[in-house]
Structure formats: structure tokens, C-alpha cells
Amino acid sequence: MTEKNLNIYNTLTRKKELFEPLHPPYVGLYVCGPTVYGDAHLGHARPAITFDLLFRYLKHIGYKVRYVRNITDVGHLENDCDDGEDKIAKKARLEKLEPMEVVQHYTTRYHQDMDALKVIRPSIEPHASGHIIEQIEMIESILDKGFAYEVNGSVYFDVVEYNKKYNYGKLSGRKLDDLICNTRDLEGQDEKKNNADFALWKKASPNHIMRWKSPWGEGFPGWHIECSAMSKKYLGEKFDIHGGGMDLLFPHHECEIAQSVAATGNEAVNYWVHNNMITINGQKMGKSLDNFITLREFFNGNHKALKKEYSPMTLRFFILQAHYRSTLDFSNEALIAAEKGLERLMEAKNKIEKIEPGKKGNVSIDQIKNKCYDALNDDLNTPIAISHLFDAVKIINSAFDKKTSLDKSQIDELSNLFNIFLNDIFGIESSQQADSSDDNKVEELMDVILEVRKNAREKKDFQISDYIRDKLNELNIEIKDTKEGASWSIKKS
RNA sequence: GGUUUCGUGGCCGAGUGGCUAGGCGGGGGUCUGCAAAACCCUUCACAGCGGUUCGAAUCCGCUCGAAACCUCCA
């Protein structure tokens with residue numbers, strides 16, 4: 001199909017590297033998913049869309065991809081909570097719900113939001129709570145290898161011991177000595193041999209709701225073990241790509257490396273890929289900073305920082321217009337700009353089939369296509385690829401206006417270009433679904449209205465024709481008079 | 001304090017030794033009954049100071065400023 005010369009930035013080496021899977025044509029991809037204790041915000045959309053793009057592109061260039069993205073429903077400590085109660089448990093008590101009820105609620109809503117963004121669901125979406133046994137097994141093998149110790153029903157990873165044989169900090173560029181000196185004092189710290197050690201298993205306090213039996217008593221798994229255990233289970237001891245947000249680099253991913261190496265002796269991941277943050281007023285949008293805007297709020301415009309609502313496709317396009325390793329700053333202006341740009345792109349796409357074929361034009365669609373592939377092969381450079389699609393927009397518009405001419409094969413190539421890149425790879429789809437039978441009625445109705453208006457215009461009765469246009473405009477239906485007659489579309493705002 | 005990044009035009013964002021990024025906005029024009037759309041033209045740039053080089057926004061150094069991580073976070 002195409003040359004598989006995808007280059008991807010590997011955080012481990014801090015370089016762009018040619019992507020070569022361990023077992024072609026199969027590719028194993030693991031991405032850290034959400035902790036389901038609240039609605040997803042714009043920040044959550046970034047890794048979802050970034051790795052959706054990678055998933056789509058890998059498949060497009062011919063790989064068979066198993067994409068695993070976990071749901072974290074256990075194990076994250078609340079920072080203001082002294083008894084080691086995890087986030088899910090805390091929320092559950094506040095709302096007097098079963099923890100699993102909270103998990104189910106927010107998982108469903110997460111799925112709805114991701115579906116709206118046209119994020120393809122992963123091949124496997126394992127829950128941490130469903131893999132307690134696997135996590136316990138992994139902890140046992142780390143204990144067996146002598147890289148962990150048990151204290152009081154909790155098990156900690158012995159970073160110092162591990163660092164004697166391996167290199168703790170290789171991913172994030174940290175040195176163990178600095179870590180030991182610089183770590184803050186936290187609850188339960190006194191149980192650890194060293195500050196830098198981290199929990200593999202935590203003993204549950206009496207009021208802790210989420211608890212499981214283990215060889216060390218009742219408790220719950222540590223902060224990082226789920227990803228190691230589940231990636232091993234579904235992708236093997238060694239797999240190709242592990243993704244996630246940059247904020248997970250340390251300690252989460254660093255600990256994952258240590259756990260896998262300690263348990264199996266193998267470096268599990270070949271390529272570490274990290275997306276950057278979305279910022280708001282120059283600061284990371286995040287749960288703890290309380291400066292986040294949920295996806296639902298974007299979709300319906302219900303947030304004081306939003307001037308209007310923004311469609312899922314606008315958000316998707318907004319995210320794709322920046323390179324995934326750059327920070328992306330949110331603002332209404334930027335989103336409106338993205339919305340308009342996307343509209344231009346979509347309108348051009350819809351015009352392709354209406355172009356009348358003529359003489360072969362002096363443009364190379366193939367060249368644009370190759371440039372798009374080059375851009376994506378260069379560490380998924382979507383902004384560049386999109387800029388080439390805008391070049392194609394100019395070609396389309398000018399042919400549609402009969403200022404230039406394209407032959408049948410060029411028109412087909414354009415259609416193909418947009419189908420491949422805009423739809424298949426970028427996952428941008430028309431937000432106007434024409435799938436219900438009601439829409440046919442609307443279609444017929446609009447034909448009648450436009451016919452009336454056309455007659456009025458021919459009689460130069462512009463009062464009537466403008467009245468129709470203005471009234472429809474009030475209903476968010478926009479009329480455009482082109483040389484081929486009037487067309488209508490529903491405005492998104 | 002340590003680790004890792006970044007600082008591009010009115011806004012968002014690519015690029016990274018010499019060749020137009022792109023989008024949005026602003027200005028002018030063509031088209032149109034008027035609009036809208038489209039098309040054409042146009043404006044505004046690489047934080048500062050040194051250095052390397054025939055040539056730097058791009059490499060190096062310093063200064064200033066910002067962010068992420070070091071604690072749950074996408």
C-alpha cells in the first residue's frame with residue numbers, strides 16, 4: 001500500500017526513530033486510560049485522539065494492531081486523604097453509591113464522549129479491578145526476585161535495590177540520589193526503606209471500601225502495577241508502543257519500567273510515546289488545578305469560560321491542528337478559528353463530487369497525497385498534513401468555480417485524498433448525519449422553500465426572497481446562492 | 001533546588017542553517033439584486049544579548065520569561 005517508514009519520537013531515547021514492530025505485521029499498543037471518577041475534560045481528549053490517530057494510521061499502513069487502553073477504577077490515592085482511601089472510594093462515600101456504580105457511571109459517560117469525538121474504541125479495555133489476580137502475581141514475582149519487601153501488610157518496590165542492577169530513572173532522566181533527597185514526606189512514608197520506593201500493594205484501612213484478599217492481607221493494588229500487569233497479560237512481556245500523557249512520565253511510567261524489568265527481566269516497551277498537555281491561560285488543564293472544562297461542557301457551551309458551544313469535530317480538529325508533542329493552548333478564539341477552518345475543509349470535500357470534469361488540470365494531487373504521508377510519517381505531523389489538505393481546498397474551490405479545470409481522474413484522486421486523510425486517518429466526519437428518515441422530509445421541505453425563493457428572485461421580488469433567507473437564517477439555516485442555484489446548510493453555532 | 005521542555009506575526013499553530021507553512025482575523029478587489037460563500041491580492045514574525053557561519057528564527061553560550069514533572073493527574 002504505502003511505504004511503512006513511520007518515524008516516531010521515542011521518549012526513551014529522546015529521538016525520532018523508525019518504527020519497526022517486534023512481530024510484523026502485528027503491533028501491540030498500550031495507552032494509559034482514564035481514572036473514572038469524573039467526567040472527561042478536554043485534557044483527556046488529547047491522548048485519546050492522539051493515540052486514536054496512531055491506531056488508525058498504523059492500521060492504514062497495513063499493520064494489524066491490538067490496542068489496549070485501560071480503565072483505572074482502583075488504586076489512586078487522594079492527596080488530602082490520610083488513610084489511604086482511594087479516589088473512587090472517596091467519591092463513592094460522598095455520593096452514597098457503590099464504588100462500582102460510580103465506575104460504571106463514569107465509564108459509560110467516558111464512552112459517550114469518546115464516541116462523539118469519533119475515537120475508535122480500543123481492541124481491549126481492561127479494568128484494573130478485574131485484574132487483581134494478575135497484579136498480585138506480578139507483585140509476587142517482584143518479591144521473588146528480591147526487588148520488593150513487605151511491611152505491615154503492604155508491599156513496596158525497592159528502588160535502591162533495583163537501581164543496583166538496573167537503571168531507575170532512565171525514562172524521565174532522573175537520578176536516584178536526587179529523588180531520595182527531594183521526595184516529600186507523605187503518609188505511610190515511614191514504612192518505606194527509602195523515600196523513592198513506591199507501593200505495589202497497600203493494606204486497606206478498616207473503613208476502606210475497595211479491598212481484595214491477597215497473600216499480604218486485605219488491601220488494594222499500588223498506583224502503577226495495573227498497567228504493567230495488564231499490558232503483560234494482553235500484549236506480552238515485550239511489546240511495541242506504550243503511550244500516555246507527558247504528566248505520566250514520572251513516576252507512573254518510570255515505575256512501570258521498573259516493575260516489568262524486575263518481574264520479568266525484560267524491558268517491556270520498545271517505543272514510549274507521550275502527548276503534551278492542553279493548557280488554559282498558559283497552565284495545564286487538570287483535575288487538581290480545578291481549571292478544567294469537561295467535554296460535555298464544550299459540547300453544550302455550559303461553562304463560564306466558553307463563549308459558545310463547540311462540536312466534537314471542532315475539538316478533534318483543534319487538537320489535530322497542533323502537533324501532539326506541543327502544548328496546545330485553549331481559547332475561544334483558537335476554537336472558533338478551528339471551527340471555521342474545519343468548515344472550509346468540509347465544504348470543499350462536499351464540493352468534490354459536484355465538480356464538472358474537464359481538461360486535465362495542471363496540478364498534482366498525487367504530490368499532495370505524498371506530502372500528507374510524509375508529514376504523518378514524520379512523527380505524526382498532523383498540522384503539516386492538514387496544511388496540505390488546505391492546498392487541496394484551493395484546487396477544489398477554483399475548479400468548482402470553473403476558474404480552473406480538472407479531469408475525472410484528478411477529481412477521483414481528490415475524493416480519495418479526502419477520504420483517506422480526513423475521514424479514515426484524522427477521523428473527521430461530517431457532523432450532519434443524514435441517516436434518519438426525518439432528514440429526507442427536511443430535504444424535500446427545503447427544496448420547496450428554495451423553489452419558492454428562486455421564483456421570487458426571478459421576478460426580482462427580493463423582499464420575499466430576502467425574507468425567506470433571513471427567517472431561515474434565524475433558524476440557523478444558511479442559504480448560499482451559487483451559480484448552480486441556492487444551497488442550504490445548518491449552521492453549527 | 002533537581003529533571004525535562006518551551007519562548008514564532010493581532011490570535012492559534014508548523015518549520016529548524018539559505019527556498020511561501022497553514023488556519024483564523026484585518027485591509028483591498030472580483031463575483032452577486034443585496035448578502036453569504038468562493039476566488040485573487042495584501043498586511044504583521046521568529047524573547048534579548050553575544051558567538052559560530054558566506055548566510056541563523058534554525059547551531060552554541062549567556063540573560064530574561066513561561067510551563068510540565070519531582071505528590072493523584074491525560
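A, B, ... follow the sequence lines: proteins, then strands. Residue 1 opens every chain.
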Practice problem: With Y324(A) as reference, evaluate T50(A), N275(A), D379(A) under the side chain to side chain donor-acceptor pair (under 3.5 Å) test and give the passing residue. | Solution: D379(A)

Practice problem: Kindly confirm whether the side-chain ring of F462(A) is stacked on the base of G33(B), judged by centres under 5.5 Å and planes under 30°. | Solution: yes

Quiz item: So which nucleotide from C70(B), G23(B), A38(B) ends up closest to the side chain of F390(A)?
Solution: G23(B)

Quiz item: Is K340(A) touching bases, backbone alone, or none of the nucleic acid, heavy atoms closer than 4.0 Å?
Solution: sugar-phosphate

Practice problem: Tell me what N397(A) touches on the nucleic acid: a base, only sugar-phosphate, or nothing, going by heavy atoms under 4.0 Å. | Solution: sugar-phosphate

Exercise. Could you tell me whether N381(A) contacts a base, only the sugar-phosphate backbone, or nothing, with contacts defined as non-hydrogen atoms closer than 4.0 Å?
Key: sugar-phosphate

Self-check item: RNA chain B: 5'-proximal contact among T279(A) and K175(A) (nearest heavy atom)
Solution: K175(A)

Self-check item: Residue pair N5(A) / N377(A), side-chain donor-acceptor N/O under 3.5 Å
Solution: yes

Quiz item: NA contact type, H388(A), heavy-atom cut-off 4.0 Å: base, sugar-phosphate, or nothing?
Solution: nothing

Quiz item: What does M246(A) touch in the nucleic acid at a heavy-atom separation under 4.0 angstrom: a base, only the sugar-phosphate, or nothing?
Solution: nothing

Quiz item: Which part of the nucleic acid, if any, lies within contact of R14(A), taking any heavy atom under 4.0 Å across all strands shown: a base, the sugar-phosphate backbone alone, or nothing?
Solution: sugar-phosphate

Quiz item: What does L249(A) touch in the nucleic acid at a heavy-atom separation under 4.0 angstrom: a base, only the sugar-phosphate, or nothing?
Solution: nothing

Quiz item: Between R344(A) and C39(B), is there a side-chain N or O to OP1/OP2 distance below 4.0 Å?
Solution: yes

Quiz item: If pairing requires Watson-Crick or G-U wobble contacts with both distances under 3.5 Å, which nucleotide is the partner of C6(B)?
Solution: G65(B)

Quiz item: Can you check the H224(A) NE2 to C70(B) P distance for me, whole Å?
Solution: 10 Å

Quiz item: What does G43(A) touch in the nucleic acid at a heavy-atom separation under 4.0 angstrom: a base, only the sugar-phosphate, or nothing?
Solution: base

Practice problem: Name the nucleic acid region contacted by I479(A), choosing base, sugar-phosphate or nothing; use a 4.0 angstrom heavy-atom cut-off, strictly under. | Solution: base

Quiz item: How would you label the contact of D329(A) with the nucleic acid (heavy atoms, under 4.0 Å): base, sugar-phosphate, or nothing?
Solution: sugar-phosphate

Exercise. Between L328(A) and S465(A), name the one whose nearest nucleotide on RNA chain B is closer to the 5' end.
Key: L328(A)

Practice problem: Let me know which of Y310(A), F318(A), F298(A), F292(A) forms a ring-ring contact (aromatic ring centres under 6.0 Å, His included) with F330(A). | Solution: F298(A)

Quiz item: For the pair made of CZ in R46(A) and C1' in G13(B), what is the distance, rounded to whole Å?
Solution: 11 Å

Exercise. For the side chain of K394(A), starting at C-beta, report the closest nucleotide among C34(B), C39(B), A74(B).
Key: C39(B)

Quiz item: Just checking, any donor-acceptor pair under 3.5 angstrom between side chains of N397(A) and K351(A)?
Solution: yes

Self-check item: Base-pairing mate for U30(B) - Watson-Crick or G-U, with both contacts under 3.5 Å
Solution: A38(B)

Exercise. Check every atom of C34(B), A74(B), G13(B) against the side chain of D481(A) and return the nucleotide holding the closest atom.
Key: C34(B)

Quiz prompt | For U20(B), the Watson-Crick or wobble partner whose two distances fall under 3.5 Å | solution = none

Quiz item: Does a side chain donor of either S326(A) or N276(A) reach within less than 3.5 Å of an acceptor in the other side chain?
Solution: no

